[in-house]
Each structure stands twice: as structure tokens, then as C-alpha cells.
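Report on one structure; see the data block that follows.
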Amino acid sequence: MAGIFAGLKVIDAATYVAGPSAATILGDFGASVIKLEPPGGDAYRMLATAPGQPHGETNYPWTLDNRSKRSLVLDLKRADAQAVLQRMVRSTDVFVTNTVPRLRASLGIEPGTLAALNPRLIYAALTAYGETGPEASKTGFDATAYWARSGLMDLVKSDAAAPPARSVAGMGDHPAGVALYGAIVTALYRRERTGEGGFVHTSLLDAGLWANSFMVQAALDGARFIPRPPRDRAPNAMVNLYRAGCGRWFLLALLNEARQWPMLVQVLGQPAWRDDPRFASQALRRVNASALAAMLDAAFESRSLAEWRPLLDAAGLTFDAVATTEEAAAADQPRATGAIRPAADGRWTVDSPLHVAGEAKSVAGPPPALAADADTILAEHGYSPAEVLELREAGALG
């Protein structure tokens with residue numbers, strides 16, 4: 001399958017997750033992606049073995065974010081390795097990096113340097129805190145820049161008294177990668193109109209602020225923040241967590257109360273609640289939210305979630321279970337939509353979250369072994385076997 005980006009040449013010189021995931025999406029749609037790694041390889045290759053991560057037989061994060069790529073190792077601290085990259089850049093469409101701005105010159109990958117070699121090049125940069133400002137060269141991961149710094153870590157917890165909630169691996173990286181992909185595609189569209197490449201960028205902090213933008217905009221507009229109360233004192237019992245009789249939690253989210261309140265009391269078998277003066281209007285249900293939440297707690301404990309699900313679904317009431325990750329991975333719905341799709345080896349993989357009608361994505365191939373494609377890639381860029389051997393012996397290929 002050729003794909004929308006068939007013929008597009010991408011160098012993924014980024015490490016870990018966010019930058020490489022943008023290149024992965026380009027590859028999903030047919031681009032040819034070279035994974036350019038430093039000596040020893042991208043440290044992301046080892047993340048699956050880090051303490052606290054799920055234990056398995058496969059290198060699942062590396063497979064996810066580097067599927068179908070080819071690997072080349074260059075020691076860009078060396079001038080001869082930089083010369084190799086410069087030759088490659090002349091025929092490259094997109095160059096992706098997450099190198100902080102202050103280090104780019106020493107590696108020969110400043111935007112202006114590469115643009116002079118190829119004016120059609122799209123240079124895509126992913127940083128922790130942005131290209132400018134006092135923290136432009138500050139290092140960070142999604143846990144720090146996206147999750148902690150954006151305000152999300154402080155807000156997304158059970159109540160104001162709870163300790164800050166920790167993120168999980170890649171939780172902010174992948175949304176940031178989608179943002180970088182969007183910037184790249186926007187620049188490619190401009191190149192179609194003007195013939196010129198350009199510099200695009202985003203940061204983990206940018207993506208985190210956008211994810212938290214509802215609340216950040218409230219702060220910018222001077223709104224008064226209300227500390228999140230415990231679940232049993234939620235300000236709206238119609239949008240709250242409840243536990244079924246089987247012990248499973250689910251989130252009820254009834255925003256159209258004029259239609260959904262009568263349907264809820266019907267499903268619960270509590271028609272008398274409609275005549276309860278405490279709940280006669282939306283405003284009164286908010287005033288008496290704690291009492292209503294306690295009544296809903298008791299009602300939902302009378303059946304298992306498996307019993308409640310068809311009843312709530314049939315009534316068109318918005319809710320869903322608090323699923324475990326194992327349940328999310330095994331569910332039928334993501335397979336029906338293609339959000340989880342087969343890989344070339346017969347296993348399943350998480351698809352990138354963009355779909356274009358009539359365009360099939362490339363088969364998700366295996367990720368590359370370190371430097372496995374060096375000879376082939378260099379030959380494609382005009383290097384003879386003798387020149388490759390010379391580069392290898394000199395140490396340029398790591």
C-alpha cells in the first residue's frame with residue numbers, strides 16, 4: 001500500500017517518545033522513515049525494562065513508536081558523521097529532532113544549517129519548554145513539562161486534599177507528537193503552494209497547556225477556582241463517579257438534565273424522586289447534590305455493572321466504566337474502528353489516532369534493530385561499500 005505520503009522521506013533524529021511518534025504517524029501513511037540514533041542507540045529502547053513498567057516478552061514501547069522504521073547510527077559529535085547527515089538532508093523532506101536549541105550547533109543540525117542544504121526541508125523540533133524564553137534549553141519529559149508544569153497534575157486528582165496524581169509513560173508525549181505531526185503536515189501543505197520548506201515546532205508544555213486549556217483560559221480570564229471536593233460532596237450528582245454492586249466504578253455524565261433526569265429515575269425504578277421537592281429542578285439538584293449522590297450510591301449498589309450497562313445504554317444515558325488498561329486493550333470497539341489494528345507479525349498494535357476515508361494505512365512492521373539498515377541507507381545516498389567501511393572504522397557510524 002503506497003499511502004498518502006508515499007515517496008516522502010523522513011529522518012527521525014529524535015529520542016524517546018514525542019518526536020518519534022510524529023514520524024511514526026507519517027510512516028503510518030506511507031512515508032519512508034529513517035531512525036537516526038546516537039552511539040548506543042535511543043535510550044527509549046530500554047524503557048520497557050525500567051522499574052514500574054509492565055513486564056512482558058516484547059519491547060512494546062519501542063515497537064509502538066518505531067514501527068516500520070529503519071535504523072542508522074551516526075555520531076554527530078564528529079564532523080565526518082555530520083557530513084553524512086548533510087548529504088542525506090539534501091534529499092530529505094522532513095527532519096525531526098528533540099535536541100534542545102543550545103546543542104544543535106555542536107551537532108550540525110541547526111535549522112538554518114540544514115535549510116541552506118535543502119530549502120524544501122521541513123525541520124520539525126520538539127522541546128520540553130519551547131524554542132524561546134529563559135527555559136528554552138531546559139530538559140524535561142512529559143511527566144514534568146506536560147503533566148506537572150501545565151497544571152494537569154494538580155487538577156486531575158480525586159479531591160483537593162489528595163496528593164498530586166502521577167502520570168503514566170507517554171501520556172503527554174503522544175498528544176504532543178500528534179501536535180508536531182499537525183505542524184509538519186501544515187508546513188507540507190504550505191510547501192505545496194510555495195515550494196519552500198520551513199521550521200515548525202511545538203513543546204511538551206505547549207501540548208500540556210492545550211490539554212488543560214479549559215482551566216488555563218479560566219485563570220487567564222481571572223475566574224475564581226473552586227477546590228475539587230470529595231466525591232460524596234460533588235457539586236453535581238449527575239456528573240459523578242459511582243460504584244455498582246459488583247464493586248466496579250463507572251462515571252455518570254448527564255449534562256442534558258431536562259431530558260435525562262426523568263429517564264434516570266425511571267431506569268433506577270425510583271419514580272418518586274421526580275416528585276421530591278429537593279430535586280424538582282436542575283438548580284435544586286445542585287443545591288442538594290450531596291443528598292442525591294448518597295441516594296444514587298445506594299441505588300447503583302443494587303445491581304452489578306453488567307446489569308446496569310444495558311439499562312443505561314437503552315435509555316441513552318451517558319456513562320462508562322472505569323476500565324483497566326487490560327480491558328481497554330481487549331475491547332471490541334477499538335478493533336471495530338481500527339484504533340487497535342493488526343501488525344505485520346499477527347499481533348495487535350495501537351494505531352495513530354488519525355483516519356482518512358479511503359486511505360488504508362501502511363502495515364505496521366517491526367521496529368528496527370540498532371544500526372541494522374546502515375549499509376542500505378548509506379548506499380541509497382551514494383556511499384560505496386568502501387566508503388561505508390571507512391566511516392565505520394573511523395567511528396562515524398557509532
Side-chain angles (χ1 to χ4, degrees), residues 147 150-168 170-172 174-175 208 210-215 218 225-270 273 279 282-283 285-337 339-340 350 353:
W147 186 240
S150 68
L152 285 168
M153 178 178 266
D154 178 62
L155 289 174
V156 182
K157 53 187 180 181
S158 58
D159 59 68
R166 294 182 297 171
S167 60
V168 298
M171 192 171 81
H174 288 108
W210 183 244
N212 195 26
S213 56
F214 184 104
M215 291 298 190
F225 279 69
I226 302 170
R228 177 171 286 186
R231 186 194 69 85
D232 59 354
R233 296 203 298 273
N236 184 0
M238 305 285 278
V239 181
N240 202 11
L241 284 162
Y242 294 99
R243 182 182 285 176
C246 60
R248 291 297 305 272
W249 288 97
F250 65 95
L251 179 64
L252 191 70
L254 307 185
L255 298 182
N256 186 351
E257 292 190 29
R259 181 179 68 84
Q260 293 178 312
W261 167 248
M263 300 174 74
L264 176 63
V265 298
Q266 180 179 344
V267 168
L268 294 175
Q270 301 288 346
W273 290 8
F279 313 133
Q282 177 174 308
R285 287 191 290 274
R286 300 288 171 84
V287 169
N288 297 291
S290 293
L292 179 56
M295 294 165 66
L296 289 170
D297 275 338
F300 283 127
E301 287 176 358
S302 67
R303 287 188 172 98
S304 69
L305 182 58
E307 293 172 296
W308 281 122
R309 182 178 288 280
L311 299 175
L312 295 168
D313 279 337
L317 298 174
T318 306
F319 80 101
D320 217 330
V322 178
T324 66
T325 301
E326 292 90 342
E327 288 172 332
D332 292 332
Q333 181 63 18
R335 286 165 173 76
T337 64
I340 293 177
V350 182

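Starting from 1, each residue takes its place in the sequence as its number.
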- request: Using salt bridge (charged side-chain N to carboxylate O under 4.0 Å, His left out) as the criterion, list what pairs up with Asp159, not counting sequence neighbours.
  value: none
- prompt: Is a side-chain donor or acceptor of Trp147 paired with a backbone partner of Ala165 at a separation under 3.5 angstrom?
  reply: yes
message: Would you say CD of Gln282 has more than 12 non-hydrogen atoms from neighbouring residues, nucleotides or ligands within 6.0 angstrom?
response: yes
query: Among pairs that include at least one residue of residues 300-315, which meet salt bridge (charged side-chain N to carboxylate O under 4.0 Å, His left out), considering only residues two or more places apart or in two chains?
result: Arg309-Asp320
message: Can you confirm whether more than 12 heavy atoms, excluding those of Phe214, are under 6.0 Å from its CZ atom?
response: no
Pairs involving residues 247-257, ordered by first then second residue, that meet side chain to side chain donor-acceptor pair (under 3.5 Å) (sequence neighbours left out): Arg248-Glu327, Glu257-Arg285, Glu257-Arg286
message: Counting only heavy atoms not in Trp210 (residues, nucleotides, ligands), do more than 12 fall under 6.0 Å from its CH2?
response: no
message: One pair to check against side-chain contact (heavy atoms from CB on, under 4.5 Å): Leu255 and Met238. What are the steps and the verdict?
response: CA-CA 7 Å; Leu255 298 182; Met238 305 285 278; over 6 Å; no
message: Can you give me the closest heavy-atom contact between Leu305 and Cys246, atom names plus distance?
response: N-SG, 3.4 Å
- line: Heavy-atom nearest pair, Ala244 first then Trp308, reads CB-CD1, 4.1 Å
- request: Return the minimal non-hydrogen interatomic distance between Leu252 and Ala237, and the atom names on each side.
  value: CD2-O, 4.4 Å
message: Tell me whether Lys157 contacts the main-chain N or O of Ala162 through its side chain, where contact means a donor paired with an acceptor under 3.5 Å.
response: yes
task: Could you pull out all residues at least two apart from Ser213 that satisfy side-chain hydrogen bond (donor to acceptor under 3.5 Å, both in side chains)?
output: none
query: Do the ring planes of Tyr242 and Phe300 sit parallel (below 30°), tilted (30 to 60°) or perpendicular (above 60°)?
result: tilted
message: Looking at every non-hydrogen atom in both residues, tell me the closest pair between Pro262 and Ala258 and how far apart they are.
response: CD-O, 3.6 Å
message: Just checking Arg259: does its CZ atom have more than 12 heavy atoms from other residues, nucleotides or ligands closer to it than 6.0 angstrom?
response: yes
query: Which pairs with one or both residues in residues 225-235 pass side chain to side chain donor-acceptor pair (under 3.5 Å), sequence neighbours excluded?
result: Arg231-Asp297
- line: In short, Pro229 meets Ala234 closest at the heavy-atom pair CG-CA, 4.1 Å
Pairs meeting criterion ring pair (Phe, Tyr, Trp, His ring centres under 6.0 Å) with involvement of residues 314-333, two or more places apart: none
- prompt: Can you check side-chain contact (heavy atoms from CB on, under 4.5 Å) on Leu268 and Leu296, steps first, answer last?
  reply: CA-CA 9 Å; Leu268 294 175; Leu296 289 170; 3.4 Å; yes
message: In the structure I gave you, are the side-chain heavy atoms of Leu241 and Leu251 within less than 4.5 Å of one another anywhere?
response: yes
- prompt: Got Leu292 and Phe279 here, is their nearest side-chain heavy-atom distance under 4.5 Å?
  reply: yes
